[in-house]
Amino acid sequence: MTDLVNKLRGGYYTPGEVARFICDWAITAEDATVLEPSCGDGSFVVAAVNRLKELGVHDASSLVTGVELYEEEARKAAEKGGRIVCGDFFSQCRDGIGAKRYDAIIGNPPFIRYQDFEEEYRSVAFDLMRDYGFAPNRLTNIWLPFLVVCCHLLSDRGRLGMVIPAELFQVKYAAEARRFLMQQFDNVNVVTFSELLFEGAQQEVVLLLLERNATNSGAGVRIIEEVNAKSLAQLGRKEIESIKPKRKLPESMKWQAYYLDSKVLDLLAELNGHEGVKPSSELFDVNVGVVSGQNSFFVIDLETATRNHIEEACTPIISRSFQLSGLALTNEDFERQLEMQRKVLLFLPDGELTKDEASYIKLGEAEGFNGNFKCRIRTPWYRVPTSWKPDAFFYRQVGAYPRIVINEKQAHTTDTLHKLRFTDGIDGRSVAVAFNNSLTFLMSELTGRSYGGGVLTFEPSEARSLPIPFNDGISFDFERADELVRSGKTDELISYVDAVILREHLGMTSQEIALVRDGWLMLRNRRLARKKR
């Protein structure tokens with residue numbers, strides 16, 4: 001099978017150690033019926049047959065059913081045992097397989113985006129999801145209907161073990177699934193890995209182990225952290241069951257919170273709804289920055305503006321977070337960016353064009369920029385739409401620290417950052433300092449989304465939902481806070497802010513503040529460690 005076909009079918013073959021581990025956990029009885037809904041060339045089928053044989057089953061293959069869309073792969077799987085059905089899993093569920101219930105469902109469902117999911121199969125899969133009360137959309141990846149449908153095919157004593165993208169923990173389109181899993185299963189066990197499981201794929205995955213009607217180990221959620229596939233050999237059912245489960249989270253909270261110590265979760269529950277903690281939407285609004293359609297043409301440095309004699313048609317704009325060095329963008333900061341030839345000027349001609357402005361526009365047309373989607377749908381193509389200038393900038397993509405930066409220069413921003421507007425009557429400088437506290441930073445890790453590369457990303461809606469301890473009576477030394485950021489001492493700033501708003505304002509103890517700080521650092525460092533993978 002070619003690499004392209006393999007990519008389109010979402011197939012990454014599961015390491016043998018992982019297939020064996022999942023089958024050993026999921027198959028617990030000699031009469032267990034087993035389903036593998038996307039069996040590929042049969043790695044899980046082999047592991048399932050071998051597991052049943054270990055339990056004393058003579059005709060193990062008769063208990064294992066595998067489904068595979070691609071004929072070549074189905075042929076390979078059939079040579080390894082089990083009853084292999086060649087066809088679309090969702091159509092098979094609708095037409096026959098769905099009438100049965102299975103004691104163990106195992107596998108590694110394909111990871112295919114909506115647009116690459118063939119319509120004839122996608123429509124059946126989404127219809128099944130809707131039958132189960134779900135509302136799939138254009139963000140839905142194919143692994144999600146596999147998981148949902150398989151959960152409904154489990155018997156009353158059933159266990160499900162699957163390789164699932166770690167995005168289950170955080171993406172919005174999986175929120176329904178997280179809620180569903182909490183409602184349907186007594187035990188939810190998740191095995192995570194500090195190393196990537198699949199060579200050549202940047203997709204971080206987890207092992208999702210679901211148990212229905214558990215009687216021996218207590219209900220709840222367990223997070224088990226392993227290094228790689230080989231380290232699973234030491235992890236058995238007894239070791240999993242010996243881990244005390246954590247209480248189930250509120251539906252609004254993403255599953256990254258399960259990495260936290262139970263004491264931190266208890267503290268977060270106490271602080272939830274506290275009158276001294278404001279949702280950020282009460283303090284400011286957040287929206288996307290300027291979308292130019294071609295930043296290389298519209299967002300330029302001073303040398304480009306001078307050479308083309310278009311300085312008068314340019315206005316200040318921030319295009320990258322590294323152009324911000326403190327808690328405020330001052331006039332002096334902006335002048336320094338100009339001197340460094342940073343791209344901080346937005347070509348924004350207004351009214352009748354000068355000869356030089358018209359010549360610059362012709363340069364853009366010669367490059368075909370006027371044919372870009374965002375350019376061709378506006379008239380004239382070279383007038384970039386702008387709205388309100390931000391009171392402050394909100395980091396859209398975060399490395400070590402989230403940040404709000406006051407916009408003293410009154411510059412625009414591109415959509416690489418978000419623009420922020422404070423609510424009437426709110427002291428923006430105080431909010432920008434108060435934002436730098438351990439509780440808000442911890443909740444930032446749980447609210448934003450992180451994929452490959454260790455970067456934490458915020459959509460405007462996520463930035464609007466952060467909790468910030470704040471009231472009008474809190475005051476800070478803004479100049480001191482700004483200087484701490486400029487000198488690379490953000491950790492010292494956090495300690496200062498924690499003392500003011502967590503200890504004095506909320507009345508938290510030093511031990512409670514340390515718990516929250518350690519929780520934030522653990523989540524952040526776990527995220528940043530992905531940069532090294």
Side-chain angles (χ1 to χ4, degrees), residues 284-325 329 331 333-399 403-421 453 455 457-464:
F284 52 74
D285 187 26
V286 178
N287 216 321
V288 296
V290 172
V291 179
S292 73
Q294 185 67 46
N295 279 356
S296 65
F297 176 77
F298 291 104
V299 182
I300 58 179
D301 56 29
L302 181 59
E303 190 278 331
T304 301
T306 303
R307 172 165 36 86
N308 289 280
H309 308 290
I310 55 173
E311 303 100 305
E312 295 300 317
C314 292
T315 190
I317 191 167
I318 294 300
S319 60
R320 301 291 295 275
S321 59
F322 64 71
Q323 296 164 355
L324 303 171
S325 55
L329 174 69
N331 289 329
D333 291 328
F334 188 78
E335 290 301 319
R336 195 174 304 116
Q337 294 298 311
L338 288 175
E339 293 170 4
M340 297 171 67
Q341 294 301 327
R342 294 273 174 76
K343 294 184 177 182
V344 291
L345 295 174
L346 173 65
F347 177 58
L348 195 66
D350 186 26
E352 187 175 348
L353 297 175
T354 68
K355 179 180 178 181
D356 291 319
E357 291 166 5
S359 296
Y360 185 68
I361 289 168
K362 287 181 180 179
L363 290 176
E365 291 172 346
E367 294 290 338
F369 298 151
N370 56 315
N372 292 359
F373 176 71
K374 290 292 184 180
C375 297
R376 71 172 184 263
I377 62 173
R378 64 193 184 216
T379 303
W381 74 270
Y382 52 81
R383 294 205 192 278
V384 177
T386 60
S387 56
W388 47 274
K389 289 183 179 180
D391 297 332
F393 310 103
F394 187 100
Y395 281 19
R396 176 175 172 264
Q397 293 189 315
V398 173
R403 186 149 291 152
I404 292 173
V405 179
I406 300 297
N407 183 18
E408 293 183 5
K409 179 61 183 175
Q410 288 297 292
H412 288 287
T413 179
T414 65
D415 60 349
T416 54
L417 294 100
H418 292 318
K419 60 181 185 179
L420 183 153
R421 177 168 54 189
V455 174
T457 302
F458 290 93
E459 294 301 322
S461 60
E462 294 162 340
R464 297 185 197 112

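- Distance alone, capped at 3.5 Å, places no donor-acceptor pair between the Ser292 side chain and the Phe298 backbone.
- Checked by atom type and distance alone, the side chain of Asn372 pairs as donor or acceptor with a backbone atom of Gly293 at under 3.5 Å.
- Checking side-chain atoms of Thr413 against main-chain N and O of Ile318 turns up a donor-acceptor pair under 3.5 Å.
- In this structure, the side chain of Lys419 engages the main chain of Trp388 through a donor-acceptor pair within 3.5 Å.
- Between Val286 and Arg464, the shortest heavy-atom contact is O-NH2, 2.6 Å.
- Atoms CG and CZ, from Leu302 and Arg307 in turn, are 11.0 Å apart once rounded to the nearest 0.5 Å.
- Within the 4.5 Å cutoff, side-chain heavy atoms of Tyr395 are placed close to those of Leu417.
- Of the inter-residue distances, the one linking Thr315 atom OG1 with Leu345 atom CG reads 8.5 Å to the nearest 0.5 angstrom.
- Of all non-hydrogen atoms in Phe458 and Ala463, the two that sit nearest each other are CD2-N, 4.4 Å.
- Side-chain contact between Thr416 and Ser321 is absent, with no heavy atoms from C-beta onward closer than 4.5 Å.
- If you take NE2 on His418 and CD on Gln397, they are separated by 9.0 Å, rounding to the nearest 0.5 Å.
- Here the side chains of Asn308 and Ile300 are not in contact, with every heavy-atom distance at 4.5 Å or above.
- For the atom pair CD of Glu365 and CD of Glu367, the computed distance is 11.5 Å after rounding to the nearest 0.5 Å.
- Residues Thr304 and Asp301 have side chains that bring a donor and an acceptor to within less than 3.5 angstrom of each other.
- A 6.0 Å sphere centred on CZ of Arg320 holds no more than 12 heavy atoms belonging to other residues, nucleotides or ligands.
- Between His309 and Asp356, the shortest heavy-atom contact is CB-OD2, 3.3 Å.
- Side chain to side chain, Ser296 and Gln294 meet the donor-acceptor criterion of an N or O pair below 3.5 Å.
- Relative orientation of the Phe347 and Phe297 rings is perpendicular, given thresholds of 30° and 60° on the angle between their planes.
- Inter-residue side-chain proximity for Asn370 and Tyr382 is flagged as unmet; no heavy-atom pair is nearer than 4.5 Å.
- Nearest approach of Pro390 to His412, heavy atoms of both residues: CD-CA, 4.3 Å.
- Atom-to-atom distance recorded for Ile317:CD1 and Phe334:CZ is 9.5 Å, nearest 0.5 angstrom.
- Of all non-hydrogen atoms in Leu329 and Val405, the two that sit nearest each other are N-CG1, 3.8 Å.
- A donor-acceptor pair is defined here as one N or O able to donate and one able to accept, closer than 3.5 Å; such a pair exists between the side chain of Gln341 and the backbone of Glu303.
- Counting only heavy atoms from C-beta outward, the side chains of Lys409 and Asn407 approach each other to under 4.5 Å.
- Between Gln323 and Asp333, every side-chain heavy-atom pair lies at or beyond the 4.5 Å cut-off.
- Remark: the backbone N or O of Trp381 is not paired with any side-chain donor or acceptor of Arg376 at under 3.5 angstrom.
- Between Ile310 and Thr354 the shortest side-chain heavy-atom distance does not fall below 4.5 Å.
- Residue Gln410 holds its CD atom at 9.5 Å from CD of Glu408, rounded to the nearest 0.5 Å.
- The heavy-atom pair separating Leu348 from Val384 by the smallest distance is CD1-O, 3.4 Å.
- Using a 4.5 Å cut-off on side-chain heavy atoms (C-beta onward), Phe284 and Ile404 make contact.
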